[in-house]
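Presented below is the structure to which this report refers.
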Protein chains: 2
Amino acid sequence: MIEDLFKKAGLKNTRQRYIVLKKIELSKEPVTAEDIFRQLVSEDCKINLSTVYRTLNVLTDKNILLKILKGDGTAAYEINNLSHNHYITCSVCSSSVPLDGCPVRELSENISKSTGFKVTGHTLQLMGICSKCLEKVKK
Amino acid sequence: MIEDLFKKAGLKNTRQRYIVLKKIELSKEPVTAEDIFRQLVSEDCKINLSTVYRTLNVLTDKNILLKILKGDGTAAYEINNLSHNHYITCSVCSSSVPLDGCPVRELSENISKSTGFKVTGHTLQLMGICSKCLEKVKK
DNA sequence: TTCGGTGCAAAATGTTTGCACACAC
DNA sequence: GTGTGTGCAAACATTTTGCACCGAA
């Protein structure tokens, strides 16, 4: 499972990587580098904070994790399960491309705070012009 | 105009504040503290980077500016003109509340980069349960 | 055995703060 | 005159990097 993910991504399966990804997998909500680091240290697991950062960056590059910016500008990470997507649609040729990740999820907490609403759902649809049609327009 | 904004917010109208806000007003897109600082320095205008940061924070607190987090986690600011809004609607009583600011705007650049699309528009609608209806549900 | 990964310490980046002085009101 | 705002330097938080060593394949 995790081992396969690493293999597929061309990454070595090291102890540190494994436990970092495991921690994120088990967490219900996005976690920061510090979160992971502190948790692991409290469990007497030897790992360096730099390693956590490097691991998060690598896994994000490989699209195994999703990087989310919190309101204060710091980063949190979660498993990229692609389960919930939005799309951008070309207004010329009607082709659609999925956006990776749902940008609304990360906003929900702030919206709850500022409006008092419990957020239960949303619709988000982007419109635009795809690169091919942009080329044609230029001519 | 700017003077009135300051007065209404209970802020003194200082040279530094004035030029910072002016710069943001004249800019078409969100600007960072560094952007403003460098621009002003290049125009031989004496100002301290701390002052820029403090000014941005004060004006954001007073809702004169809107703080936007860029993809790298750094902050940019723009005039809060309330011209473009989205709403969250209560699925129980159908009341609507505007969200301040448009969260999609800040995403557009990233979306352009990752999809190749030129983003021309979007719809975003949140659904939820308002605080009053949440109260009723509890009972 | 070979590279990619890790630990450590140090640096880089973006932002905030304490303090003395300056200036708008 | 009073208190808010500013400049400066130093601190701070988060994240990145250089280098020597380590360990998975």
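Both backbone and side-chain heavy atoms feed into the values below; hydrogens, waters and symmetry mates do not. Quick note on labels: first sequence line is chain A, next is B, and so on, each numbered from 1.
Contacts of Ala33(B) with the nucleic acid, taken as non-hydrogen atoms under 4.0 Å apart, are absent.
Phosphate contact (OP1/OP2 of dT15(D), side-chain N/O of Asn57(A), threshold under 4.0 Å): absent. For dT15(C), the OP1/OP2 oxygens have a side-chain nitrogen or oxygen of Tyr53(B) closer than 4.0 Å.
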Quick one, Leu65(A) with Asn80(A), criterion side chain to side chain contact (heavy atoms under 4.5 Å, CB included). Give me CA distance, side-chain angles, the key distance, then yes/no.
CA-CA 5 Å; Leu65(A) 294 181; Asn80(A) 180 10; 5.8 Å; no
For Leu11(A) and Arg17(A), run side chain to side chain contact (heavy atoms under 4.5 Å, CB included): C-alpha distance rounded to whole Å, both residues' side-chain angles, the deciding distance at 0.1 Å, then the answer.
CA-CA 9 Å; Leu11(A) 299 171; Arg17(A) 250 178 213 160; 3.5 Å; yes
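Taken from CG in Leu66(B) to CD1 in Ile64(B), the straight-line distance is 12.0 Å, to the nearest 0.5 Å. Remark: Leu59(B) CG to Phe6(B) CZ distance equals 5.5 Å, nearest 0.5 Å.
A salt bridge does not link Lys8(B) to Glu3(B): none of the charged nitrogens lies less than 4.0 Å from a carboxylate oxygen.
Distance, Phe6(B) CZ to dA24(C) P: 13 Å, rounded to whole Å. The separation between Ile36(A) atom CD1 and dT14(D) atom P is 14 Å, rounded to whole Å. One interatomic measurement links the two molecules: OH of Tyr18(A) to P of dT6(C), which rounds to 15 Å at whole-angstrom precision. The CG-C1' distance, from Leu40(B) to dG7(D), rounds to 15 Å in whole Å.
Summary of the strand contacts: Leu49(B) and Glu34(A) both lie near DNA chain D, and taking for each the nucleotide with the nearest heavy atom, the more 5' one is attributed to Leu49(B).
The base of dT17(D) sits within donor-acceptor range of the side chain of Ser50(A), with an N or O pair under 3.5 Å.
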Using atom names, set out every protein N or O paired with an N or O of nucleotides 2-6 of chain D below 3.5 Å, distance rounded to 0.1 Å.
from   : atom 1 : to       : atom 2 : distance (Å)
dG3(D) : N2     : Lys12(B) : NZ     : 3.0
dT4(D) : O4'    : Lys12(B) : NZ     : 3.4
dG5(D) : OP1    : Arg17(B) : NH1    : 2.6
dG5(D) : OP1    : Arg17(B) : NH2    : 2.7
dG5(D) : O5'    : Arg17(B) : NH2    : 3.1
dT6(D) : OP1    : Thr14(B) : OG1    : 2.7
dT6(D) : O3'    : Gln16(B) : NE2    : 2.7

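Shortest non-hydrogen contact noted between Thr32(B) and Ala75(B) is CG2-O, 3.4 Å.
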